[in-house]
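Some notes on the structure that comes next.
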Amino acid sequence: MRLSPRPALTAALAATLLALASCGSDTPAEDGSITLTITANAIPGGKNSASADWIRQWVIPRFEAAQKAAGRDVRVLFQPNGVDDEQYKTKIALDLKSKTGADVIDLDGIWVGEFAQAGYVKPLSEVGGPGVDAWEGWSQIPQAVQGLGIFDGKKYGLPQGTDGRVLFYNKELFAKASLPEPWQPTSWQDIIDAGTALKKLPGVTPIQINAGTAMGEATTMQGALPLLAGTGTEIYAGGKWTGASQGVKDVLGFYRQIYGGGLGDPKLQQEAKGRDKSFAEFADGKIGILAEGDYFWRAVVEPQAGVAPMADRDRVVGYAKIPAKEPGAGVRGQDFVSMSGGAVRVLNPFSKNPRQAWELLAFMHSAEAIKAELAGAARVTSRTDVNDEVLANDPMLTFIAKEILPITAYRPGLAVYPQVSTALQEATAAVVSGTGPEEAADAYRTKVEGIVGGAGNVSN
């Protein structure tokens with residue numbers, strides 16, 4: 001199935017935004033030197049400032065020096081941006097549509113399929129040549145993580161940092177409910193059983209799995225999609241979108257068990273600040289189990305700088321893999337599942353120096369470069385060798401890197417995905433409000449058929 005690019009990628013918007021200036025690589029210098037250009041939605045002193053500084057102060061001088069040592073005269077320029085993500089996306093799309101733009105380009109992983117279908121990016125090996133497949137870095141990036149830059153089975157981009165979804169739980173509440181610690185559920189029923197035990201504790205909401213439209217994409221990524229993966233189903237596969245499949249019905253049925261059975265707080269799913277409130281309630285010991293990404297650990301309940309800091313985080317907060325509905329029922333026959341997000345870097349297929357552009361891209365994703373970008377921070381990267389080193393003192397992020405990344409999955413990078421995601425959020429909202437799973441699944445299917453161009457593009 002070939003979907004039309006979303007309006008942001010059409011020529012109609014060309015009159016509203018200026019395309020990025022054509023990079024110097026379009027015209028090789030008369031003296032034989034080569035100029036390459038990097039662009040990202042990062043700007044010194046502004047948006048993603050640290051990334052911009054890393055490119056300007058570390059990547060460029062070291063790559064130029066390495067090229068000089070190899071007898072090549074290569075100059076690298078950086079085109080900074082500090083705009084809204086959609087503005088940045090449109091600027092890049094307009095550049096590539098006009099066959100100009102930077103040689104190495106930052107993209108959100110969710111845009112890869114859309115850009116590929118529009119012909120704006122091509123597989124790395126088609127642009128960069130045989131050196132792409134021979135790159136040492138592939139062996140350090142788990143196959144599942146490579147999926148962030150893969151569309152229709154082809155590698156379009158190198159993944160940057162990523163993340164993973166897990167089940168967080170309060171060890172103290174588990175002890176009061178006579179639940180085991182460490183806890184690792186092996187089925188959805190195990191989660192329900194733990195929630196039933198936690199329900200006996202006064203003032204405690206047993207389970208928080210994001211639902212409804214107020215929580216937006218957090219509902220899809222933290223709840224619906226990991227659960228769907230646990231049924232062995234993907235939201236988009238084989239050129240079709242998933243409609244009222246048994247997997248979708250099972251997911252909505254699980255939501256119904258939680259929110260219709262008194263194991264979750266349905267009102268929290270409808271509040272504009274419901275997700276933030278769920279963070280605060282977990283930090284206060286009022287939620288037993290919460291499905292979230294590692295962002296929750298490193299930025300929400302982080303003891304010093306978290307938005308809902310827990311001074312005793314390391315002692316009280318446990319974490320477990322999200323189980324498939326039943327052992328072996330997950331995607332790829334997995335017992336456990338997760339979802340991840342992140343950005344990629346791609347090559348401009350219209351670069352006048354594609355081989356050198358690949359060398360620059362590979363250099364930016366070397367272990368040395370990634371460690372320099374981290375600047376001492378503990379953050380999950382796409383490379384196993386870097387994670388082994390920089391996450392050594394953080395057991396939770398090590399857990400993400402070693403246990404979650406090899407089993408993770410990604411959203412389809414297609415233009416209509418956000419609309420499909422909203423339809424899925426609406427289906428969970430309906431179930432939380434009392435609608436039956438079957439009825440909610442049928443309504444979801446109807447919406448998806450309207451979004452993706454008819455029933456022929458939907459698998460039920």
Side chains of [X] and [Y], donor plus acceptor under 3.5 Å:
X: D193; Y: Q189; value: yes
X: S421; Y: E217; value: yes
X: Q222; Y: R165; value: yes
X: N48; Y: N41; value: no

Minimum side-chain heavy-atom gap K91-N81 below 4.5 Å: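 They are in side-chain contact.
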
Min side-chain heavy-atom separation S433-Q270 under 4.5 Å: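 In short, these two side chains touch, coming nearer than 4.5 Å.
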
Please find the pair of heavy atoms, one from [X] and one from [Y], that lie closest to each other, and give the distance.
X: M364; Y: I370; answer: O-CG1, 4.1 Å
X: G195; Y: I289; answer: N-CD1, 4.5 Å
X: V251; Y: L227; answer: CG2-C, 3.6 Å
X: P323; Y: T186; answer: CB-C, 3.5 Å

Parallel, tilted or perpendicular, as decided by the 30° and 60° cut-offs, for the rings of W135 and W358: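 Perpendicular.
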
Which donor-acceptor pairs under 3.5 Å do side chains of residues 146-158 form with protein atoms, sequence neighbours excluded?
{"from": "Q146", "atom 1": "OE1", "to": "K155", "atom 2": "NZ", "distance (Å)": "3.4"}
{"from": "Q146", "atom 1": "NE2", "to": "W138", "atom 2": "O", "distance (Å)": "3.2"}
{"from": "Q146", "atom 1": "NE2", "to": "I141", "atom 2": "O", "distance (Å)": "2.9"}

side-chain hydrogen bond (donor to acceptor under 3.5 Å, both in side chains) evaluation trace for D250 with W188: CA-CA 10 Å; D250 287 345; W188 291 1; over 6 Å; no

Worked verdict on N348 versus V104 for side-chain contact (heavy atoms from CB on, under 4.5 Å): CA-CA 6 Å; N348 187 331; V104 174; over 6 Å; no

N210 and its side chain to side chain contact (heavy atoms under 4.5 Å, CB included) partner, picked from M215, M221, Q425: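 Among M215, M221, Q425, the one that satisfies the side chain to side chain contact (heavy atoms under 4.5 Å, CB included) with N210 is M215.
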
Heavy-atom donor-acceptor pair, N387 side chain to A401 backbone, under 3.5 Å: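 Pair absent, no side-chain N/O of N387 close to backbone of A401.
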
Test item: T205 side-chain N/O and I207 main-chain N/O as donor-acceptor pair under 3.5 Å: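 Checked: no pair found.
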
Test ring pair (Phe, Tyr, Trp, His ring centres under 6.0 Å) applied to F363 and W58, step by step: CA-CA 11 Å; F363 180 81; W58 197 95; 5.7 Å; yes

By side chain to side chain donor-acceptor pair (under 3.5 Å) - contacts of Y255 (at least two apart):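 Scan of Y255 (side chain to side chain donor-acceptor pair (under 3.5 Å), adjacent residues dropped) gives none.
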
Could you list the donor-acceptor pairs under 3.5 angstrom formed by side chains in residues 298-311, with sequence neighbours left out?
{"from": "R298", "atom 1": "NE", "to": "D294", "atom 2": "OD1", "distance (Å)": "2.7"}
{"from": "R298", "atom 1": "NH2", "to": "D294", "atom 2": "OD1", "distance (Å)": "3.4"}
{"from": "E302", "atom 1": "OE1", "to": "Q304", "atom 2": "N", "distance (Å)": "2.9"}
{"from": "E302", "atom 1": "OE1", "to": "A305", "atom 2": "N", "distance (Å)": "2.5"}

Criterion salt bridge (charged side-chain N to carboxylate O under 4.0 Å, His left out) on K89 and E114, from CA distance to verdict: CA-CA 11 Å; K89 176 185 180 182; E114 183 179 353; 2.8 Å; yes

Sidechain N-carboxylate O distance under 4.0 Å for E292, R275: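 The answer is yes: the pair qualifies as a salt bridge.
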
E172/K176 salt bridge by N-O under 4.0 Å criterion: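 Answer for the salt bridge query: no.
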
Output field: ring centroids F168/F282 closer than 6.0 Å: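 Distance test on ring centres: not under 6.0 Å, no.
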
Distance flag, aromatic centroids of F279 and F296, threshold under 6.0 Å: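 Ring centroids of F296 and F279 are less than 6.0 Å from each other.
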
Test log, rule side-chain hydrogen bond (donor to acceptor under 3.5 Å, both in side chains), inputs E373 and Q160: CA-CA 11 Å; E373 184 178 17; Q160 300 180 42; over 6 Å; no

D312 vs K171, salt bridge (charged side-chain N to carboxylate O under 4.0 Å, His left out): CA-CA, chis, key distance, verdict: CA-CA 11 Å; D312 52 3; K171 296 179 183 179; over 6 Å; no

Salt bridge (charged side-chain N to carboxylate O under 4.0 Å, His left out) assessment of E271 paired with K267: CA-CA 7 Å; E271 296 184 12; K267 292 182 179 179; over 6 Å; no

Residue pair L173, L201: steps toward the side-chain contact (heavy atoms from CB on, under 4.5 Å) verdict: CA-CA 8 Å; L173 295 180; L201 303 180; 4.1 Å; yes

